[in-house]
Structures are given as structure tokens and as C-alpha cells.
Engineer: 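Shown below is the structure under consideration.
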2 protein chains.
Amino acid sequence: MIESEVFRALADPTRRAVLERVAAREMSVGELKSHFAVSQPAISQHLAALKGAGLVAERREGRFAYYRADPKGIAPLLSWVKRYRAFWPERIEKLKDVLKGMDP
Amino acid sequence: MIESEVFRALADPTRRAVLERVAAREMSVGELKSHFAVSQPAISQHLAALKGAGLVAERREGRFAYYRADPKGIAPLLSWVKRYRAFWPERIEKLKDVLKGMDP
DNA sequence: TCAACATATAAGTACACACTTATGCAAAAG
DNA sequence: CTTTTGCATAAGTGTGTACTTATATGTTGA
């Protein structure tokens with residue numbers, strides 16, 4: 001299930017931090033690595049997990065690999081929330097308020 | 001980190017299904033169990049994980065334990081998405097569209 | 001051509017997780 | 001009181017995960 005992959009990818013704090021970095025701007029693995037206290041293979045493995053979940057995209061240029069966040073990647077997460085709301089008749093209003101707070 | 005706990009809780013498909021059940025209406029552990037092909041302890045363990053993440057609340061009545069979804073539980077998830085957007089200057093519009101689609 | 005570089009993959013390890021069966025414990029039923 | 005019921009906890013097991021070091025693959029520059 002793709003939903004599970006997205007949630008699992010986001011469950012790790014390092015991986016979320018990696019995603020936030022490449023969401024700000026495209027970045028090579030090496031530059032990405034410089035921001036974290038883990039080995040280069042660890043970064044590559046996190047990127048592979050994020051890519052598998054559809055959260056990042058890769059651009060290859062010579063020996064460099066540039067990664068960037070893919071906006072469509074969190075769609076499964078948001079549509080799950082949406083479906084979740086469908087099962088939640090009594091409390092829709094409260095949740096609507098939470099969502100409203102997200103649209104400044 | 002509470003965000004990690006929420007994402008980890010939602011990463012398991014059985015646990016998401018349990019959450020959806022108790023989101024529809026309050027339910028005892030026994031009734032909940034009848035909808036799944038796992039043992040009663042497994043259900044209790046899933047509920048404990050969901051409760052630890054703040055996604056469900058418990059009401060005790062005699063020897064029965066009734067669980068219901070807690071609407072505030074997904075707030076950490078949504079506020080993470082919100083913060084994620086802040087790191088995402090170029091693609092905000094696309095993401096805004098996704099979020100708009102959630103408010104019918 | 002070949003040494004340095006950027007990244008990916010392989011293999012190993014320690015720990016977390018999703019389940020199971022067995023047992024504990026309190027409340028209801030008899 | 002004793003038994004049954006509803007649920008939680010304990011303990012064990014196989015699988016997954018997040019990391020490491022070591023190595024492989026492809027690319028650039030001397």
C-alpha cells in the first residue's frame with residue numbers, strides 16, 4: 001500500500017529532515033550529507049526510501065545526483081486524512097477548524 | 001518526538017483500519033476485534049500505540065474498555081505538513097490546490 | 001590512463017515491531 | 001464463593017529498520 005510507504009517514510013525524523021532540506025531546494029547527495037551526522041550510505045538509503053514513497057525525485061547529472069521534493073508525494077497522506085474524515089461524522093466540524101488553520 | 005509517533009502509528013495498515021473503525025463510533029475492544037483477523041492482544045497493542053500517539057481516547061466502564069478516535073490526534077501531522085510547506089517556496093500553489101480539494 | 005571523486009549497493013549488526021500464546025486481574029454472572 | 005468474561009500484560013519469535021564499514025560503478029580531471 002502506497003499510504004503505508006508514505007507514512008513509514010515520514011516516521012523517521014532524519015528522513016523527514018532530509019525531505020525538508022530537498023523541499024527548500026534541489027540538492028546533491030554530498031551537500032545533503034554535510035547537514036547530517038550520518039554516513040553517506042545512510043543518506044542514500046533515506047533518499048531511496050523517500051523516492052520509493054514518491055516523496056522525492058532524482059535528476060542525474062554526470063557523477064552527481066540531485067534530489068528534490070515531489071509535491072505530489074504527500075497527496076496519498078492528505079487523501080487518507082480526507083477519507084478518514086468521511087468515517088468521522090460527529091467530529092467533522094472540529095477537524096475542519098484544524099484544516100482551516102492551515103490556510104492562512 | 002510526537003510527530004514520529006503519529007506517523008509510526010499510522011504506518012501500519014491494520015492500525016489505520018482500527019483507527020477508522022473507532023472514528024466512525026466508539027467501540028469496545030471485543031467488538032473491534034470481531035472485525036479483524038488478529039488476536040485480542042494484537043488489537044490491545046494497536047490501541048495502546050494509537051493512544052500513545054494521541055490518536056484515540058479510552059473510556060473505562062466496568063470490565064469493558066471503549067475506544068474512540070481523538071480529533072486532535074492528527075493535528076501534529078497536519079501542522080507538520082504546514083511547516084513542510086514553509087520550506088517549499090516554489091511549489092506552494094500546487095500544494096495549496098491539494099489542500100483546497102480537502103475542503104468540499 | 002589512471003587516480004580521485006560522487007554515489008549506490010552489499011553485508012553485517014543492534015534494535016524495533018507486529019504478531020503469537022500464556023497468564024494476570026478485575027468485574028460480572030452463576 | 002467460584003467461574004466466566006473482557007481486557008491488559010508478559011514473553012517469545014520472525015521480520016523489518018536504521019545504521020555502520022567495505023566495496024562496486026560510473027564520471028571527471030591530471
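Worth knowing before you read on, the calculation uses all heavy atoms, side chains too, and leaves out hydrogens, waters and symmetry mates. Chain identifiers are assigned alphabetically (A, B, ...) following the order of the sequence lines, protein sequences preceding nucleic acid strands; residue numbering begins at 1 within each chain.
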Engineer: So which of residues 3-12 of chain B are in contact with DNA chain C, with a heavy-atom cut-off of under 4.0 Å?
Structural biologist: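 Only B:Arg8, B:Asp12 qualify.
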
Engineer: For residues 37-49 of chain A, which side-chain N or O atoms pair as donor and acceptor with protein atoms under 3.5 Å away, sequence neighbours left out?
Structural biologist:
residue, atom, partner, partner atom, Å
A:Ser39, OG, A:Ala42, N, 3.4
A:Gln40, NE2, A:Ser44, OG, 3.2
A:His46, ND1, A:Arg15, NH1, 3.4

Engineer: Using a 4.0 Å heavy-atom cut-off, does A:Glu58 contact any base of the nucleic acid, only the sugar-phosphate backbone, or nothing at all?
Structural biologist: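 Sugar-phosphate: the residue A:Glu58, judged by heavy atoms under 4.0 Å, touches backbone atoms but no base.
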
Engineer: Could you list by number each residue of residues 29-42 of chain B showing a heavy-atom separation from DNA chain D of less than 4.0 Å, or answer none if no residue does?
Structural biologist: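 Hits under 4.0 Å, by residue number: B:Val29, B:Gly30, B:Gln40, B:Pro41.
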
Engineer: Give, for atom CG of B:Leu77 and atom CG of A:Leu78, the distance between the pair rounded to the nearest 0.5 Å.
Structural biologist: 8.0 Å

Engineer: What distance do B:Lys33 atom NZ and B:Met27 atom CE have between them, rounded to the nearest 0.5 Å?
Structural biologist: 14.0 Å

Engineer: Once side-chain hydrogen bond (donor to acceptor under 3.5 Å, both in side chains) is applied, do any residues pair with A:Ser4, and if so which ones, sequence neighbours excluded?
Structural biologist: B:Arg16

Engineer: Report yes if the side chains of B:Arg83 and A:Glu20 come closer than 4.5 Å at any heavy-atom pair, otherwise no.
Structural biologist: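 Yes, close enough: below the 4.5 Å cut-off.
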
Engineer: Each nucleotide N or O in nucleotides 1-5 of chain D that has a protein N or O under 3.5 Å away: list the pair and distance.
Structural biologist:
residue, atom, partner, partner atom, Å
D:dT5, O4', B:Arg63, NH1, 3.2
D:dT5, O2, B:Arg63, NH1, 2.9

Engineer: Checking A:Arg63 now: which residues fulfil side-chain hydrogen bond (donor to acceptor under 3.5 Å, both in side chains) with it, not counting sequence neighbours?
Structural biologist: none

Engineer: Taking all heavy atoms of B:Pro76 and all of B:Gly73, pick out the closest pair and write down the distance.
Structural biologist: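 Shortest heavy-atom separation between B:Pro76 and B:Gly73 comes out as CD-O, 3.1 Å.
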
Engineer: Would you kindly compare A:Arg15 and B:Ile43 by the position of their nearest DNA chain D nucleotide and give the one closer to the 5′ end?
Structural biologist: B:Ile43

Engineer: Kindly give the cluster partners of B:Tyr66, where membership spreads through any ILVMFWY side chain lying under 4.5 Å from a current member.
Structural biologist: B:Phe64

Engineer: At a heavy-atom distance below 4.0 Å, which nucleotide of DNA chain C is the first touched by chain A, and which is the last?
Structural biologist: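 Range of nucleotides touched by chain A: C:dC5 to C:dA10.
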
Engineer: For DNA chain C, what residues of residues 44-53 of chain A have any heavy atom nearer than 4.0 Å?
Structural biologist: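 Residues of residues 44-53 of chain A under 4.0 Å from DNA chain C: A:Ser44, A:Gln45.
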
Engineer: Excluding sequence neighbours, so at least two apart, what forms salt bridge (charged side-chain N to carboxylate O under 4.0 Å, His left out) with A:Arg8?
Structural biologist: none

Engineer: Base, sugar-phosphate or nothing for B:Tyr67? Non-hydrogen atoms, less than 4.0 Å.
Structural biologist: sugar-phosphate

Engineer: Do you know which two heavy atoms are closest between A:Tyr84 and B:Ala69, and how far apart they sit?
Structural biologist: OH-CB, 3.5 Å

Engineer: Are the side chains of A:Arg25 and A:Glu31 in contact, using a 4.5 Å heavy-atom criterion?
Structural biologist: yes

Engineer: Would you be so kind as to tabulate the donor-acceptor pairs closer than 3.5 Å made by side chains of residues 50-58 of chain A, with sequence neighbours excluded?
Structural biologist:
residue, atom, partner, partner atom, Å
A:Lys51, NZ, A:Glu58, OE1, 2.6
A:Glu58, OE2, A:Arg60, NE, 3.3
A:Glu58, OE2, A:Arg60, NH2, 2.7
A:Glu58, OE2, A:Tyr67, OH, 3.4

Engineer: Can you say whether the rings of A:Phe7 and B:Phe7 are parallel (under 30°), tilted (30 to 60°) or perpendicular (over 60°)?
Structural biologist: tilted

Engineer: Please write out which residues are connected to B:Met1 in a hydrophobic cluster, directly or through intermediates, given that two of Ile, Leu, Val, Met, Phe, Trp, Tyr count as joined at side-chain heavy-atom separations below 4.5 angstrom.
Structural biologist: none

Engineer: Is any side-chain heavy atom of A:Leu10 closer than 4.5 Å to one of A:Leu19?
Structural biologist: yes

